[in-house]
Amino acid sequence: MTDWQNSPAAEDYTVDELMIAVLADQFRNGDQCCNGMASFIPVAAFMLARLTHAPDLVWLPSSGGLESRPDRIPASTLEAPLWRDSIMYIEQYSDFWNFVLNGRWIKKFCVGAAQLDQFGNANNSVIGDDYHAPRVRLPGTAGLADMGSIGKKLYYWNPNHSPRSMVEKVDFVSAAGYLNGGDARERLGLQGGPQLVVSNLAVMDFHPTSKRMQLRSTHPDVSIGQVTEATGFELQMPESAVPETRPPTQKQVRLIRETIDPDNMRKREFHRKS
Amino acid sequence: MTDWQNSPAAEDYTVDELMIAVLADQFRNGDQCCNGMASFIPVAAFMLARLTHAPDLVWLPSSGGLESRPDRIPASTLEAPLWRDSIMYIEQYSDFWNFVLNGRWIKKFCVGAAQLDQFGNANNSVIGDDYHAPRVRLPGTAGLADMGSIGKKLYYWNPNHSPRSMVEKVDFVSAAGYLNGGDARERLGLQGGPQLVVSNLAVMDFHPTSKRMQLRSTHPDVSIGQVTEATGFELQMPESAVPETRPPTQKQVRLIRETIDPDNMRKREFHRKS
Amino acid sequence: MQEKLTTLAEAIALVDDGNVVALQNMATQAAPMALVRELIRQEKRELGLVVLVGGMAVDWLAAAGVINRLIGAAVSMEQFGLCQQYRKAVEAGRIRVEELSETLLNARLGAGARNLPFLPSRGAIGSDLIAQNPENLKMLDDPFGGFPVVACRALIPDVALIHAHRADRYGNIQYEPTVLWPDIGIMPKAAKCVIVTAEEIVDTEVMRRHPDRTILPGFMVDALVEVPFGAHPTSFFPNYGYDSRFHREWTDVSRDDEAVSAFLDRHVLTPSTQEEYLDAAGGVATLSRIEKWEKRG
Amino acid sequence: MQEKLTTLAEAIALVDDGNVVALQNMATQAAPMALVRELIRQEKRELGLVVLVGGMAVDWLAAAGVINRLIGAAVSMEQFGLCQQYRKAVEAGRIRVEELSETLLNARLGAGARNLPFLPSRGAIGSDLIAQNPENLKMLDDPFGGFPVVACRALIPDVALIHAHRADRYGNIQYEPTVLWPDIGIMPKAAKCVIVTAEEIVDTEVMRRHPDRTILPGFMVDALVEVPFGAHPTSFFPNYGYDSRFHREWTDVSRDDEAVSAFLDRHVLTPSTQEEYLDAAGGVATLSRIEKWEKRG
């Protein structure tokens with residue numbers, strides 16, 4: 001047991017800190033992870049993992065430098081502070097995609113989506129039925145559509161778990177999850193896929209054969225009923241009892257607040273809760 | 001008429017100098033030209049053109065820098081002297097081929113081949129019938145096979161015009177010329193192609209419709225009979241009389257000998273004559 | 001070498017109404033904003049915009065009615081939020097979006113640059129992007145028997161707009177320290193015409209001291225203009241950071257058409273020189289602020 | 001970060017008989033010659049060699065019976081002539097050649113690097129290279145109705161051998177001034193295992209001063225060895241030129257199998273360290289000569 005693991009569970013923590021701790025736990029020493037725009041929670045999770053159990057975690061912003069040394073999370077998770085003092089500038093057109101598309105490197109991508117459906121398909125494109133006159137034009141898929149199809153393990157974070165963000169069927173598949181479930185991905189030759197969804201209410205994963213999203217744990221003080229009510233589809237229940245999400249340790253919270261993100265960038269996407 | 005054009009025809013010149021002058025005449029101001037390995041004659045021609053009628057000729061070695069400033073032709077036409085003081089290092093995998101494959105840039109390639117046939121197909125691969133146990137293994141096609149198919153104008157030089165180098169049919173098509181002649185190139189969607197063959201005996205081009213190689217001019221003191229005898233196929237004759245190749249001017253010869261190639265690199269490939 | 005130096009007005013005169021224009025940009029980074037403003041001043045119309053991740057430039061061009069279609073992977077000002085004018089125009093059907101993932105856009109541009117009919121990708125397979133775009137994306141069997149790929153049709157923009165750190169008058173373009181932004185690696189190589197603004201014009205001898213910094217050779221560049229702080233309010237590493245105050249001012253007004261019009265008047269139409277533009281954006285105080293790379297915008 | 005520093009013997013122990021080995025090289029330039037000599041010393045057999053333009057390294061590997069196939073665009077020592085041992089082995093059918101043009105080889109490696117089944121090229125169409133190689137090259141119709149392309153099947157070498165200017169012990173690799181050689185841009189990115197020699201090992205802090213010089217990240221590199229003058233007798237811009245005397249010595253003996261054997265004994269098998277190798281090649285006098293970049297070899 002190392003220092004941070006021995007640290008007692010925090011009592012004073014917010015849900016963003018819990019989500020960061022849950023995500024950090026997904027990344028092992030030697031893993032290679034990657035984030036996109038406005039990804040404060042993923043970046044905080046990478047930084048936390050590196051400061052605790054995974055010092056050799058390779059973290060690569062999808063625009064920026066390798067092993068850069070921002071003193072804290074900057075206001076942009078793609079901007080120049082993430083190039084400073086890096087070991088290598090990773091130019092996007094050739095190097096970044098050469099590394100990512102090659103199956104051997106950069107195996108995990110941590111990202112958000114405006115809509116996620118029961119099979120982990122993601123939508124960052126349009127809300128509404130008419131693609132060319134949508135109710136809401138979202139930013140667009142950027143690199144997420146690629147990450148969904150090229151064998152990466154995807155870790156989704158959702159700061160606003162609601163029937164609007166967790167939907168039966170996404171209005172537009174910006175990135176492939178398990179498509180219609182079952183072996184639909186395999187039939188197209190797609191490996192990897194969504195592994196985990198960490199929301200402000202719960203942690204979810206995917207049933208091994210049906211590939212439907214299922215509840216893995218509920219956060220402290222959140223009931224299963226609250227989660228299912230906030231979910232726009234029938235969330236699958238595991239065979240055994242649903243445990244409570246492990247809260248962050250005191251040491252983890254201290255690292256997040258004092259070292260990783262003293263400017264509270266991580267709170268920015270939490271509009272309604274936390 | 002500029003200085004070098006006013007210069008009288010040289011009387012003291014060698015055939016390599018004549019070939020360089022003929023090739024230099026093919027390159028206009030603003031043209032973009034390119035050479036491969038061991039290309040002393042092409043490089044001398046580019047340098048001569050730049051020192052006379054085409055100061056803005058862009059010359060790009062297929063490995064090296066843009067507008068480098070070798071004080072003279074170095075012993076290698078790809079090595080580091082051609083990177084020194086350049087304006088841009090042109091990395092081969094991405095930049096060089098991005099520029100070359102794009103139809104808008106680097107339109108002319110000047111090169112030699114071990115065998116050329118009556119339709120301008122080139123062989124730098126193998127002599128003999130059995131590709132996997134050839135009589136002679138030649139260096140290989142390098143970038144020539146590409147240049148033959150991507151719309152470039154090709155200028156061949158041949159220091160040893162003989163039935164062995166000018167053959168009815170090449171043993172192996174390392175680079176497409178006019179294939180079987182006529183519109184064979186067009187049918188494959190290939191533009192460009194061989195424009196001129198400058199040998200130690202004569203200058204040849206290609207008939208506009210049959211695409212067979214035809215005599216354009218014979219070098220001073222070379223008879224048409226000498227050329228046809230040294231050619232391994234029936235060289236086409238132009239409708240009008242065959243003129244004599246214009247010799248280099250005194251100024252051109254002086255530039256070649258004193259400025260461009262005082263080390264006589266250009267003589268290296270002339271085994272039998274000159 | 002041919003002279004490429006000219007004025008913003010003459011450079012942008014090379015852009016015709018209806019052209020497909022590739023724009024260097026990445027959320028809050030490295031957009032050739034002086035060229036973007038000149039597009040608006042010259043009242044270009046019905047342009048198609050190619051952009052990897054567009055930011056304020058796209059919002060301005062949408063607000064000014066310059067563009068009617070966009071080919072790109074995302075439009076966002078990252079921490080400053082969505083581009084509201086762009087969003088409104090798309091929702092109203094005034095801008096048609098061809099959304100591509102990054103590898104699909106890179107493949108389309110890569111094919112354009114290399115004179116290939118298409119390049120394949122394995123990205124975005126299974127997503128709706130492919131069925132949505134049959135004209136430019138087609139599933140294609142692997143001739144060697146593996147899984148299919150997406151064939152991405154060559155995209156050749158009419159014009160590419162680029163901002164750079166340094167250039168000589170012949171259009172040789174240098175970046176400091178090297179190619180970093182996503183789109184500079186391929187966009188200008190695919191375009192038929194390349195227009196560049198540079199922070200400074202230097203002597204060719206200066207270029208020769210660092211040939212490794214050169215990212216575009218003069219023969220690729222059609223027009224060049226010296227524009228210091230030409231990427232403001234976006235960042236231009238390592239010279240200056242993005243102007244967060246300016247971004248917030250824009251996002252504050254960007255939902256209100258009248259306020260948008262006044263903003264564009266003040267910052268785009270009225271200033272007739274780069275100096276006047278920079279003065280309207282806060283002058284020396286702003287420049288010294290962004291040169292400090294404020295980190296907490 | 002993981003430690004990658006090791007010895008030549010341990011690095012080359014990663015190469016198995018029968019492997020496909022990609023070799024950085026360009027006629028007289030930048031070959032990882034210390035790694036090549038170690039392949040010979042360890043008596044590797046039946047290797048397939050991937051090389052854009054191979055030089056003396058290929059001739060040595062052919063002479064020593066290390067390789068039985070070659071995938072590449074050319075083999076030549078440029079002004080020093082053909083590689084006679086290689087040529088003889090091919091003519092005798094002991095080395096099987098898969099000849100590719102540069103764009104076809106780049107496409108095969110590019111597909112390998114990007115996990116694509118193939119990449120297309122328009123190069124070499126109409127040449128005999130395509131019909132000669134149906135396993136890896138296939139004419140493919142353009143799904144958008146244009147002229148066909150050559151589909152170039154992905155090539156994934158088992159190992160890539162590279163020489164670099166500088167590295168840290170974690171395998172981050174820098175080139176000075178930048179990527180120049182043809183193959184370094186893609187070969188190591190396509191290979192399953194990357195072995196690097198570097199002129200010098202420096203502290204990671206030194207790397208961070210020039211992130212633009214880094215061409216391979218540590219996570220791509222499997223083994224790293226410090227070998228000063230590790231490219232001798234090939235050139236290594238800007239550090240040193242090719243050794244023309246050494247090249248001529250080789251070409252003088254290379255048609256004569258006995259003389260070849262004595263040469264390899266003296267220069268490859270006998271020296272047990274890089275210092276001994278350099279001494280056998282003329283020691284300090286040679287080093288100071290090649291550092292002057294003799295121009296008239």
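Numbered from 1 within each chain, the chains take letters A, B, ... in sequence-line order.
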Peer 1: Write down the atom of C:P120, the atom of D:L116, and the distance for their closest heavy-atom approach.
Peer 2: O-CD1, 3.7 Å
Peer 1: Can you name the nearest heavy-atom pair linking C:F147 to D:P117, along with the distance?
Peer 2: O-CG, 4.2 Å
Peer 1: Say you draw a straight line from CZ of C:F118 to CG of D:L119; how long is it, rounded to the nearest 0.5 Å?
Peer 2: 9.5 Å
Peer 1: Please indicate whether C:E46 has more than 12 foreign heavy atoms, meaning atoms of other residues, nucleotides or ligands, lying under 6.0 Å from its CD.
Peer 2: no
Peer 1: Measure the CG-CG distance between C:L140 and D:L140 for me, rounded to the nearest 0.5 Å.
Peer 2: 5.5 Å
Peer 1: With a 4.5 angstrom heavy-atom cut-off, is it the side chain or the backbone of D:T103 that approaches chain C, or both, or neither?
Peer 2: neither
Peer 1: Output the option from C:E135, C:R153, C:H210 having the highest count of non-hydrogen pairs under 4.5 Å with chain D.
Peer 2: C:R153
Peer 1: Give the minimum heavy-atom separation between C:R122 and D:N115, together with the two atoms involved.
Peer 2: CG-O, 4.1 Å
Peer 1: Do D:R213 and C:D212 have side chains that get closer than 4.5 Å, going by heavy atoms?
Peer 2: yes
Peer 1: Should the heavy atoms of other residues, nucleotides or ligands under 6.0 Å from CD of C:E205 be counted, would the total exceed 12?
Peer 2: yes
Peer 1: Tell me, out of C:G146, C:A151, C:A111, who's got the most heavy-atom pairs with chain D below 4.5 Å.
Peer 2: C:A151
Peer 1: Would one find more than 12 heavy atoms of other residues, nucleotides or ligands at under 6.0 Å from atom CZ of D:R69?
Peer 2: yes
